[in-house]
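Read through the structure below, which is laid out as structure tokens, and then see the notes.
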Amino acid sequence: MLKTGAEHLESLRDGRVVYIGSEKVDDVTTHPAFRNAARSMAAIYDIKRADPRFSFEEGGERFSSYFLRSKSKEDLQKRTDLHRAIAAMSHGLLGRSPDHVSSFVTGMSMNPEVFKGFAKNLLKYYEEMRARDLYGVYAVLPPQAARNPEFYVKQNIPVPSLRVVREDDDGVVITGMKMLATGAVFADEVWIGNLTAIDDKRQSESITCALPISTSGVSFWAREPYERHARHEADYPLSYRFDETDTVLVCDRVKVPWDRVFLHNNGAMSRRIYIETPANCYQNQQSNVRFWAKMGLIVGLASRMCQANGVDRIPAVRETLGRLAALEATIGGLVNGQIEACEQWPDGYATPNRRIMYATLNWCQEHHTEIIDALRTLAGAAPLQMPASIDLVADRELKERFERWWSTPALHAVDRLKLYKLAWDLIGSEFAGRHMLYERFYAGNSIIVRNQSDREAPWEKFHAIVDGLLQRIEAPG
């Protein structure tokens, strides 16, 4: 099945519980905090439905390419082509688009034996996701303060970390919080799990399962949505369409059927299911592709701003633009290299090169801040010179004065305002600030990201190079 955008929007009108402060949102598809982003997500379904390159056939049905369990380099390229199309539509600003979690569930289904007694449940869930073209998100970390449960024990108050509180014949009951369910407002399903191993004292927290967003007892508590403050698209062009929204998941005695449970009372396996299957690699390859698309926006915007300011021929400016272009080409090479040097793993399947994929994650994490700083330097004070809102053009007198004083030889006043409002939404707005945090932490902190590269590095090969050189060096006598 390939959903349409309209069908996806209709599926979001399911009674889901979403809070913005004290306000309970009745319909995320019409609420001014979410309606435009909901349509951006819906557009993804129309893009992939319209082009047969973005789906594959199996058993007489067509499925989205991000559900393809690759067996060859060509299959991996087919997956990547859809990732690129989605990222291009959103300019790399939707980190948890529908192809992200779908990719890691697909990766898990390529080595289901890791799940032992729950393997059939995992395979059934993968088949359900692709058959119904479901959009999944995840909440896989405990609330930050809850990582020290002794505090709550001493205060004699409940630990807020999500945990199993009861087992029944028909399932388990879970209660507690998980973070950070990015995109859940616009999704069909939420995957609940743990990205770190769970010790023996906290086995009740080791549950991995999945639930429909509208499940009774499930609620999502949103941070401040940036979209609702963007009255006009020209004022905040990115906030207006691409605020995917971060939420905290809260479960209040929620029943999870056994066939939706994938891990239970096995804390040691909580993280291993992601790295002993292609899950972590498939999902983060999507992240790499997304960042590449974002670099295209950044480099193009940097050049256009310099042209608008009349400084684009200054040698020092050309040097900065050249460096940004080189960085964009670098991540493009890294993404393509993952496919070109793909691995035949697990048995019978193909996976993007894990070393290159993790190196790309590290590259993105290390460079994003300096890239945005370079863009900010090129912008200078220009964004601050723009009027507060495009709405002034509705007033004839103000419009005439604005066009007379703000126009330059390079750009008409309105076009100049649109350009620098776009720049501000990438370097200075709340939306921009959120992206600074997101790019730094979406794959975990730098220790986690570099430990993954450490794990995948061929240390024996490196050591052999040094040892071989040392053996050829003769000591006197």
Side-chain angles (χ1 to χ4, degrees), residues 1-13 28-30 34-58 61-70 74-106 126 129-137 182-189 213 227 233 237-245 282-298 300 331-332 335-336 339 352 422 435:
M1 172 186 175
L2 295 173
K3 273 196 301 192
T4 66
E7 287 170 340
H8 182 66
L9 288 174
E10 183 58 36
S11 74
L12 303 183
R13 303 182 182 103
V28 299
T29 69
T30 59
F34 304 126
R35 61 191 175 196
N36 295 326
R39 279 154 182 75
S40 294
M41 296 297 187
I44 293 172
Y45 287 91
D46 289 331
I47 286 171
K48 62 188 180 65
R49 182 182 171 91
D51 193 329
R53 294 178 303 157
F54 301 146
S55 60
F56 69 99
E57 185 174 337
E58 188 176 303
E61 293 188 63
R62 294 205 71 82
F63 307 104
S64 300
S65 291
Y66 46 69
F67 289 114
L68 178 60
R69 294 183 285 192
S70 300
E74 290 71 28
D75 286 347
L76 289 171
Q77 189 60 58
K78 187 174 182 65
R79 290 180 52 87
T80 302
D81 289 344
L82 179 52
H83 291 324
R84 290 193 68 180
I86 293 171
M89 183 279 290
S90 64
H91 308 290
L93 298 168
L94 296 177
R96 296 298 186 251
S97 49
D99 50 336
H100 185 78
V101 167
S102 297
S103 291
F104 94 64
V105 173
T106 299
Y126 160 72
M129 283 195 78
R130 74 173 193 170
R132 296 174 57 197
D133 211 7
L134 294 177
Y135 173 11
V137 297
T182 299
V185 169
F186 312 111
D188 301 305
E189 296 270 326
I213 295 291
E227 180 184 319
E233 184 175 9
L238 305 180
S239 304
Y240 189 83
R241 291 196 181 277
F242 301 121
D243 181 14
E244 59 188 341
T245 302
Y282 268 39
Q283 73 181 90
N284 283 313
Q285 196 243 354
Q286 179 271 343
S287 299
N288 296 166
V289 173
R290 175 196 62 78
F291 197 99
W292 185 13
K294 188 175 185 180
M295 280 299 300
L297 170 64
I298 291 170
I331 189 171
V335 169
N336 288 328
I339 306 303
L422 171 60
H435 267 265

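Only a predicted model underlies this, so the values are computations on that prediction, with no experimental measurement involved.
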*asked:* If you apply the rule side-chain hydrogen bond (donor to acceptor under 3.5 Å, both in side chains), what do you find for S55 with R62, and how did you get there?
replied: CA-CA 6 Å; S55 60; R62 294 205 71 82; 2.9 Å; yes
Which heavy-atom pair separates [X] from [Y] by the least distance, and what is that distance?
X    : Y    : value
S90  : F242 : CA-CE2, 3.7 Å
R84  : V289 : CG-CG1, 3.5 Å
A293 : A88  : CB-N, 4.2 Å
S40  : R241 : OG-O, 2.8 Å
F67  : M129 : CZ-O, 3.6 Å
L12  : A187 : CD2-O, 3.7 Å

*Report the C-alpha distance between Q285 and S103 in whole Å, list the side-chain angles of each, state the deciding distance to 0.1 Å, and finish with yes or no for side-chain hydrogen bond (donor to acceptor under 3.5 Å, both in side chains).*
CA-CA 9 Å; Q285 196 243 354; S103 291; over 6 Å; no
*May I ask you to decide whether E244 forms a salt bridge with R96, counting only side-chain N to carboxylate O separations under 4.0 Å?*
no
*May I ask you to say whether E58 pairs ionically with R130, meaning some side-chain N is under 4.0 Å from a carboxylate O?*
yes
*Run the side chain to side chain contact (heavy atoms under 4.5 Å, CB included) check on T106 and Y66 step by step: do they pass?*
CA-CA 8 Å; T106 299; Y66 46 69; over 6 Å; no
*Should the heavy atoms of other residues, nucleotides or ligands under 6.0 Å from CZ of R132 be counted, would the total exceed 12?*
no
*Look at the rings of F63 and F56 and say which category their plane angle falls in: under 30° parallel, 30 to 60° tilted, over 60° perpendicular.*
tilted
_Step-by-step side chain to side chain contact (heavy atoms under 4.5 Å, CB included) determination, I44 to M41_ = CA-CA 5 Å; I44 293 172; M41 296 297 187; 4.3 Å; yes
State whether the side chain of [X] and the backbone N or O of [Y] hold a donor-acceptor pair below 3.5 Å, judged by distance alone.
X    : Y    : value
R79  : L68  : yes
E227 : N36  : yes
K78  : R53  : yes
S65  : F54  : yes
D46  : G5   : yes
D243 : S239 : no

*List the steps and the verdict of side chain to side chain contact (heavy atoms under 4.5 Å, CB included) for T80 and I339.*
CA-CA 9 Å; T80 302; I339 306 303; 3.5 Å; yes
*Pairing residues for R49 by the side chain to side chain donor-acceptor pair (under 3.5 Å) criterion, not counting sequence neighbours*: none
_Residue list, side chain to side chain donor-acceptor pair (under 3.5 Å) with S64, at least two apart or on another chain_ = K48, D133
*Picking from Q283, R290, H83, what satisfies side chain to side chain donor-acceptor pair (under 3.5 Å) with D99?*
H83
*Euclidean distance, L82 CG relative to I86 CD1, rounded to 0.5 Å*: 4.0 Å
*OG1/T4 to CG/L9 distance, rounded to the nearest 0.5 angstrom?*
8.5 Å
*side chain to side chain contact (heavy atoms under 4.5 Å, CB included) between D188 and I213, worked out*: CA-CA 6 Å; D188 301 305; I213 295 291; 5.5 Å; no
*Residues in ring pair (Phe, Tyr, Trp, His ring centres under 6.0 Å) with H8, at least two apart?*
Y45, Y135
*Test side-chain hydrogen bond (donor to acceptor under 3.5 Å, both in side chains) applied to T29 and R35, step by step*: CA-CA 5 Å; T29 69; R35 61 191 175 196; over 6 Å; no
_Do V137 and T182 make a side-chain contact, defined as non-hydrogen atoms from C-beta onward lying under 4.5 Å apart?_
no
*Within-4.5 Å side-chain heavy-atom neighbours: V101 and F104*: yes
